[in-house]
Asker: 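Sharing a structure below in structure tokens format, with a few things to ask.
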Amino acid sequence: MTHPPVASNPGPKVRVVTLKIDDHDVGARETDSILEIAHANGIRIPALCYLDGLSTWGACRLCMVEIEGVSKPVSACSTTASEGMKITTNSERLKRYRRMILELLFAERNHVCSVCVSNGHCELQDLAAECGMDHVRVPYRNATYNIDSSHDLFRVDHNRCVVCTRCVRVCDEIEGAHTWDVMGRGVNCQVITDLNQPWGDSQSCTSCGKCVQVCPTGALVKKGTAAGEMEKHDDFVPYLAQMRKRQ
Amino acid sequence: MNLEDLSDITEEVAEAAKSRRHCVRVCMAASCQSCGSGEVLEGLQAQAKQNADDDVCIKPVGCMGLCSAGPLVSVDSDQPATELLYQDVTADDTEELYRSLDDDPLERLRCRTDVPFFSRQQKIVLRNSGIIDPEQIDDYIAAGGYRSLMRAVTEMTREDVLREVKESGLRGRGGGGYPAGLKWATVAMAPEPHKYVICNADEGDPGAFMDRAVLESDPHRVLEGMALAGYAVGAEHAYIYIRAEYPLAVERLKTAIKQATKKGLLGRRICETAHSFEVEVRLGAGAFVCGEETALMASIEGQRGQPRPRPPYPAEEGLWKCPTLINNVETLANIPAIVGKGGAWFKSIGTERSTGTKVFALAGRIANSGLIEVPMGIPLGEIVNEIGGGIPDGRRFKAVQTGGPSGGCLPEQYLDMPVEYDTLRSAGSIMGSGGMIVMDETSSMVDVARYFMEFCMDESCGKCVPCRAGTVQLYGLLDKIADGEATPSDLELLEELCDVVQATSLCGLGQTAPNPVLSTLRYFRHEYEEKLRPESERMPRMQIVTLDD
Ligand SMILES: Cc1cc2nc3c(=O)[nH]c(=O)nc-3n(C[C@H](O)[C@H](O)[C@H](O)COP(=O)(O)O)c2cc1C
Ligand code: SF4
Ligand code: SF4
Ligand code: SF4
Ligand code: FES
Ligand code: FES
């Protein structure tokens, strides 16, 4: 008996679906998230905790979109596409929600952009500009947060952290060190190194710097940077994630 | 174990009961224990021993319902609304009480039982509660227990069991009200060979103690319900996730699992069939959010108890990514009766869209606080004024809070409303798990809203922004309003924040956290407005963030 030629390991069969995002007809695999599909088609949906190559976290809630026939908005990063979906990414309601979520983030910790090393290269700042959040109506909490400068190369400033856990995920999923984790709950959540030991004393940290590069704000930075000098590059993540999957 | 063995045990227990002169039942559930029922039990047992009466049985039992009058002791009746019930019994009363057994009842301690609190209840889940000894499996078997399981695994197919549960119309008692039959069918259909059943006994709502009472009073009923679920959906492993603050319930559950396993009703090859069902107890550390199903499963897996986005739902991808059936304690405690008496029987109780009964924990400004089980559809006012005995101290009723931190406050005009999932929801509250807190004219509704918001703020897991950073702002605004420091623009901001937190939070905790605020705003807006100061009296408070380029 002859066999048809088979491409090496085709993987499980994935269906293709068509859907509509803001009047664009798009095709996608049914395993793709709405966020991935939109970005692949040049439709911008604001996102903060999502990072291509890391597992989905679904926590910042900036990527909320509306699906026709579904009463509540859903997070685009954690919702997969299905046939015939009609999605709105930018209604007035969604814009209002995004602005308020950003206001909540700015008021939660202490963001003083003018003296921040990430000023001008900060995803939180960019999102505020993109979403038209030009002032904060809720009171600033003005809580005090620590700064840990014990590491030779890097520094963590919890005043600027938005608890997106990108650092936690990149360290665990890509570097494999799992130095970072989250402790506490509610507004007292904080990312920690090892068992809440100083970063400089961490036994698991390999000093690879991946967490610094994926951190969207001025929370994780290289030492020796002055205000506005900290530029980051996270485009290595999808590549490394691919390579890891192939192993 | 087979059906014959169950009948033998039933007969033995009945024989023993016949040869007894008296049976005195002492409530040994948590509430009565905390006001000294342990000493009452010991006192009565000592009396029996002293008098060498081996035909007098002093039995520790579960909750009798009227916890506010505890410790409760009932004499010679196997009905919940017993003829002879004593209240507020202390260790000092035991001698006199014991002497009265063969004499006239002790009027001094008598609790009236011909009142609506007892006569208006209808018991399915609490049927054995306050009657059987929760630590004796034979008592449960003698009361008809484990017959549904035995019959199901030996005489019924999985589909038969599923059909009864679907037919019953039973909806989840953990808060959401999702149809149990539909959830079971989804898990049953999943092709994966490995599945789990989880019983959610985390019960974190302030003021709620229904699940604790069921587990303390009749743990085998829950185990039987779980085993039936396991059979119906094809799961051989199960967890009970119970909060560590319920030590008595944990202990009784563990005893019950041991007893049932020893009798071959749980464990490997149950009831002499090929079906296995093993149950493990997992303790929660008392985080409210761990009652949310995805957080609960993360916690069982040994991870941080945090929710994750759904879908995928647990029925598809749950514990360790296996299809998982997760149900509340009370949901599962209804199952043995449904399988035993049929879904149609269950459906005949309650209303069309809310079938069966519901257990409520009555608390707050009400004469009879405690545990009740009533048919669905009963008017709210009947629970408050008749069963609950109305508001004490001649005060006026103001509102009743249902659904805990996820629910709302209903004012007087809703006292005629039948208690059902959908009516409560359309009135701006929810059925919730069954907490019912009654408030009188002295309660401030802004304070109530602030109290629940503080709870949500403290219990937020901190994962998603709207809940973590939003509840803290909502609390701050409510605090300001309550203190008379707020302006009309604060109230506007409060309402806008409620909308955002409700619509965008990741899990039910954040999504429902604004409900107490929204419902009090809906019915008691004037109380908020009375506390506002005119804008002109206050300094502007806006903070401007500049975005340098
Ligand atoms: C914050 C939060 C807390 C919850 N706590 C409980 C709980 O303590 N007990 C419970 O049975 N369900 C609780 N639930 C509901 C569960 O997520 C789940 O819906 C339920 O266990 C399903 O069972 P049921 O269908 O039998 O109601 C909670 C949900 C949320 C969002
Ligand atoms: S982290 Fe970003 S938003 Fe925060 S202070 Fe720095 S630049 Fe500003
Ligand atoms: S340190 Fe940076 S990457 Fe880590 S959680 Fe905070 S903001 Fe996110
Ligand atoms: S809504 Fe609250 S409890 Fe739920 S995930 Fe978000 S922060 Fe955690
Ligand atoms: S990007 Fe979707 S929730 Fe953060
Ligand atoms: S605990 Fe004894 S009556 Fe409820």
Side-chain angles (χ1 to χ4, degrees), chain A residues 48-49 56-62 64 72-75 77-80 93-94 96-109 111-114 116 119-120 125-126 128-129 133-141 162-165 181-190 227-228, chain B residues 287-290 294-295 303-312 454-477 480 489-490 492-494 496-507 509-511 541-549:
Chain A
L48 182 59
C49 66
T56 308
W57 188 234
C60 72
R61 316 308 280 170
L62 286 166
M64 301 303 276
K72 276 199 160 183
V74 301
S75 47
C77 66
S78 66
T79 309
T80 48
R93 174 165 82 136
L94 292 172
R96 196 154 42 79
Y97 289 163
R98 287 186 192 130
R99 275 200 301 271
M100 180 61 92
I101 290 171
L102 287 164
E103 287 179 50
L104 290 172
L105 277 176
F106 274 95
E108 184 182 26
R109 300 207 176 181
H111 295 274
V112 190
C113 298
S114 53
C116 179
N119 192 9
Q125 218 179 30
D126 293 345
M133 188 223 82
D134 47 14
H135 66 285
V136 175
R137 291 163 297 167
V138 291
Y140 271 55
R141 293 181 54 248
V162 292
V163 206
C164 66
T165 73
D181 216 317
V182 182
M183 78 166 188
R185 70 180 181 215
V187 87
N188 299 317
C189 271
Q190 191 174 310
Chain B
F288 176 58
V289 73
C290 285
T294 59
Q303 321 233 20
R304 192 176 149 85
Q306 270 180 335
R308 59 153 176 79
R310 300 173 308 172
E454 185 177 18
F455 178 84
C456 290
M457 170 180 80
D458 289 342
E459 294 296 335
S460 162
C461 79
K463 178 170 176 175
C464 74
V465 182
C467 173
R468 182 185 74 225
T471 52
V472 67
Q473 295 287 357
L474 282 167
Y475 174 74
L477 285 166
K480 211 166 150 196
S489 65
D490 287 320
E492 251 171 61
L493 191 58
L494 180 80
E496 184 172 348
L497 257 176
C498 281
D499 179 26
V500 176
V501 174
Q502 193 174 46
T504 63
S505 289
L506 168 59
C507 87
L509 195 157
Q511 287 162 11
R541 182 197 34 74
M542 289 195 175
Q543 296 230 13
I544 308 294
V545 176
T546 34
L547 300 172
D548 301 13
D549 244 354

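Just so we're clear, the structure is a prediction, and the values are computed from it rather than from any experiment. A, B, ... follow the sequence lines: proteins, then strands. Residue 1 opens every chain.
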Asker: For Arg304(B), which atoms come within 4.5 Å of any heavy atom of chain A: side chain, backbone, both, or neither?
Answerer: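 The side chain, not the backbone.
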Asker: Could you tell me the separation between the CZ atom of Arg468(B) and the SG atom of Cys461(B), rounded to the nearest 0.5 Å?
Answerer: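 Result: 9.0 Å between the selected atoms.
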Asker: Could you state the interatomic distance from OG (Ser460(B)) to CG (Leu506(B)), rounded to the nearest 0.5 Å?
Answerer: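 Separation between the atoms: 10.0 Å.
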Asker: Among Met100(A), Arg93(A), Met64(A), which residue has the highest count of heavy-atom pairs closer than 4.5 Å to chain B?
Answerer: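 Among Met100(A), Arg93(A), Met64(A), the one with the most close pairs to chain B is Met100(A).
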Asker: With sequence neighbours left out, write down each residue that passes side-chain hydrogen bond (donor to acceptor under 3.5 Å, both in side chains) with Thr56(A), or none if nothing qualifies.
Answerer: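 With neighbours one apart ignored, the set is empty.
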Asker: Flag the one option from Leu497(B), Val289(B), Val501(B) with the top tally of heavy-atom pairs under 4.5 Å to chain A.
Answerer: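 That would be Leu497(B).
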Asker: Between Asp490(B) and Leu477(B), is there a donor-acceptor pair closer than 3.5 Å when you use the side chain of the first and the backbone of the second?
Answerer: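 It does not hold such a pair.
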Asker: Between Asp499(B) and chain A, with a heavy-atom cut-off of 4.5 Å, which part of the residue counts as in contact: side chain, backbone, both or neither?
Answerer: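 The answer is both parts of Asp499(B).
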Asker: Which atoms of Val500(B) come close to chain A, meaning under 4.5 Å heavy atom to heavy atom: side chain ones, backbone ones, both, or neither?
Answerer: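 Both the backbone and the side chain of Val500(B) come within 4.5 Å of chain A.
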Asker: Where do Leu105(A) and Leu48(A) land on the side chain to side chain contact (heavy atoms under 4.5 Å, CB included) test, with the steps shown first?
Answerer: CA-CA 11 Å; Leu105(A) 277 176; Leu48(A) 182 59; 3.8 Å; yes
Asker: Please classify the contact between Glu459(B) and chain A as side chain, backbone, both or neither, with a heavy-atom cut-off of under 4.5 Å.
Answerer: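 Glu459(B) touches chain A through backbone and side-chain heavy atoms alike.
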Asker: At a 4.5 Å cut-off on heavy atoms, which part of Pro311(B) comes close to chain A: side chain, backbone, both, or neither?
Answerer: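 For Pro311(B), backbone heavy atoms alone lie under 4.5 Å from chain A.
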Asker: Please check this pair: side chain of Lys463(B) against backbone of Gly58(A), looking for a donor-acceptor N/O pair closer than 3.5 Å.
Answerer: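 Flag not set: sc Lys463(B) to bb Gly58(A) has no pair under 3.5 Å.
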Asker: With chain B, which of Thr165(A), Val182(A), Thr79(A), Val187(A) has the greatest number of heavy-atom pairs at distances under 4.5 Å?
Answerer: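 Greatest number of close heavy-atom pairs with chain B: Val182(A).
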Asker: Considering only heavy atoms, which portion of Ser505(B) lies under 4.5 Å from any heavy atom of chain A: side chain, backbone, both, or neither?
Answerer: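 Answer is backbone: N, CA, C or O of Ser505(B) sit under 4.5 Å from chain A.
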Asker: Among side-chain atoms of Ser75(A) and Arg61(A), is any donor-acceptor pair under 3.5 angstrom?
Answerer: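 Short answer, yes.
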